Amino acid sequence: MHRWSISPRAATRLQCRLAERIRCDPLPTNIRFVAGADLAFSADGRRCLGGVVLYDLKERLVIEQTLAWRPTRFPYVPGLLSFREAPAVLAAVRKLKGIPDVFILDAHGVAHPRRMGLAAHIGLLMDRPTIGCAKSRLCGRHVDPPAQVGRSTPLIDRNEIVGAVLRTRPGVKPVYVSRGHRVTLVDAVRVVIACVGRYRLPEPTRQAHILVPRHRHDG
DNA sequence: GCGACAG
DNA sequence: ATCTTGTCGC
């Protein structure tokens, strides 16, 4: 595990080094437990609260939730999000008793200028499968996916398919799905689709989105 | 030099 | 991310 308090320059170099270690493996069949993670900040922005929910895809229920505060040690810099958010998310993950089959992060995986978005970075450090499911684009080009739910178009960056722009709801802005660590793009899209209920974001992510801001004023 | 830019 | 009410639409 490397340290998080480094310069933006060093962070960028580290990303290039870590990116070589990202694996692309098929997920086991019959995925049942999917974790969703998110983060919120204290009013003064000096601390951040990481939160994780464990979602049972079979029962369609949240079965566990964890929270963890960490000092905010890095500014928001597009492309360096993990150095700001990963410590709090990892701290919350460590408190989890259950073992998720895969984690969905509210950010990009390899759909990143150096193929090392938050989802990829966290997956590598946990050595667990992770999926990036972001609400907007960081890099790459694409055309709009067809209107039908479940359909997608490739997200292409520097002549490489780095993700899928996926329609999760009719008539609603699509989401950006990409591989994190130890997953294939096809499996990543499959899991996200399987997790989508009646909203745009997959349920684990949405539940984490609801959980974390609710505890912003606690610790 | 000029845009683009996860959360 | 966060500050914030009403409002348009199914």
Side-chain angles (χ1 to χ4, degrees), chain A residues 4 8-9 11-12 14-15 18-19 22 36-53 67-93 103-124 130-142 147 149 155-158 162-166 168-181 185 188 192 197-202 204-219:
Chain A
W4 293 104
R9 178 71 190 278
T12 300
L14 179 57
Q15 287 182 327
L18 295 176
I22 293 299
D38 198 21
L39 183 142
F41 293 87
S42 57
D44 62 11
R46 289 167 36 75
R47 297 184 307 146
C48 51
L49 178 64
V52 176
V53 304
L67 294 164
W69 283 101
R70 280 296 180 274
T72 308
R73 302 186 188 279
F74 208 89
Y76 170 66
V77 179
L80 298 180
L81 186 66
S82 58
F83 293 88
R84 178 175 174 81
E85 304 200 345
V89 172
L90 287 170
V93 169
F103 290 77
I104 300 180
L105 280 297
D106 182 31
H108 287 106
V110 299
H112 176 281
R114 293 168 292 282
R115 311 294 182 255
M116 194 36 70
L118 175 69
H121 200 152
I122 283 184
L124 189 62
T130 53
I131 292 168
C133 182
K135 299 184 291 296
S136 62
R137 186 190 69 93
L138 207 213
C139 71
R141 295 159 41 83
H142 68 87
V149 168
L155 176 63
I156 299 169
D157 184 50
R158 285 180 287 149
V162 296
V165 185
L166 176 68
T168 55
R169 292 294 292 169
V172 175
K173 192 175 190 253
V175 297
Y176 294 77
V177 179
S178 60
R179 289 188 288 120
H181 187 45
L185 179 56
V192 171
R198 44 185 304 198
Y199 300 91
R200 173 163 85 123
L201 300 178
T205 299
R206 205 179 74 83
Q207 292 299 333
H209 257 297
I210 295 169
L211 170 73
V212 183
R214 274 196 344 199
H215 294 81
R216 278 206 316 135
H217 295 297
D218 293 7

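Within every chain, numbering begins at 1; the chains are lettered A, B, ... in the order of the sequence lines, protein sequences first and strands thereafter. Note that the structure is predicted; figures quoted are calculated from it, not measured.
- Side-chain N or O atoms of A:Arg114 include none that pairs as donor or acceptor with a backbone N or O of A:Leu18 at under 3.5 Å.
- Within a 6.0 Å sphere centred on CZ of A:Arg47, other residues, nucleotides and ligands contribute more than 12 heavy atoms.
- The separation between A:Asp44 atom CG and C:dA1 atom C1' is 14 Å, rounded to whole Å.
- Of the possible polar contacts, none joining the A:Thr205 side chain to the A:Gly36 backbone as a donor-acceptor pair under 3.5 Å is found.
- Both stacking criteria are satisfied for A:Tyr76 over the base of B:dG7: a centre-to-centre distance under 5.5 angstrom and an angle between ring planes under 30 degrees.
- Look at A:Ser136 and you won't find any side-chain N or O under 4.0 angstrom from OP1 or OP2 of B:dC5.
- A 4.5 Å side-chain heavy-atom check between A:Phe83 and A:Gln15 finds at least one atom pair inside the cut-off.
- Between the P atom of B:dG7 and the CG atom of A:Asp38 lies a distance of 10 Å, rounded to the nearest Å.
- Put simply, CZ on A:Phe41 is 14 Å from P on B:dA6, counting in whole angstrom units.
- Using a 4.0 Å heavy-atom distance criterion, A:Ala119 is classed as making no nucleic acid contact.
- For B:dG7, neither phosphate oxygen OP1 nor OP2 lies less than 4.0 angstrom from any side-chain nitrogen or oxygen of A:Arg84.
- Rounded to a whole Å, the CG atom of A:Leu39 is 13 Å from the C1' atom of C:dT2.
- The side chain of A:Asp106 has B:dG7 as its nearest neighbour among B:dG7, B:dC5, C:dC3.
- Atoms NE2 (A:His215) and C1' (C:dT2) sit 19 Å apart, rounded to a whole Å.
- If you check every strand for non-hydrogen atoms under 4.0 Å, A:Ala107 touches a base.
- The CZ-P distance, from A:Arg169 to C:dC10, rounds to 14 Å in whole Å.
- Atom-to-atom, OH of A:Tyr176 to C1' of B:dA4 comes out at 13 Å; the value is rounded to the nearest Å.
- Listed pair A:Arg198 / C:dC10 fails the phosphate criterion, with no side-chain N or O lying under 4.0 Å from OP1 or OP2.
- Taking side-chain N and O atoms only, A:Lys135 has no distance below 4.0 Å to OP1 or OP2 of B:dA6.
- Using a 4.0 Å heavy-atom criterion, one finds that A:Arg141 contacts no nucleic acid atom at all.
- Note on A:Gly45: nothing from the nucleic acid sits closer than 4.0 angstrom, heavy atoms only.
- In this structure, the NE2 atom of A:His217 is 11 Å from the C1' atom of C:dT2, given to the nearest Å.
- No contact: A:Leu49 has no heavy atom under 4.0 Å from any strand.
- A salt bridge (Lys or Arg N to Asp or Glu O under 4.0 Å) with A:Asp157 is found for one member of A:Arg141, A:Arg137, A:Arg115 and no other, namely A:Arg115.
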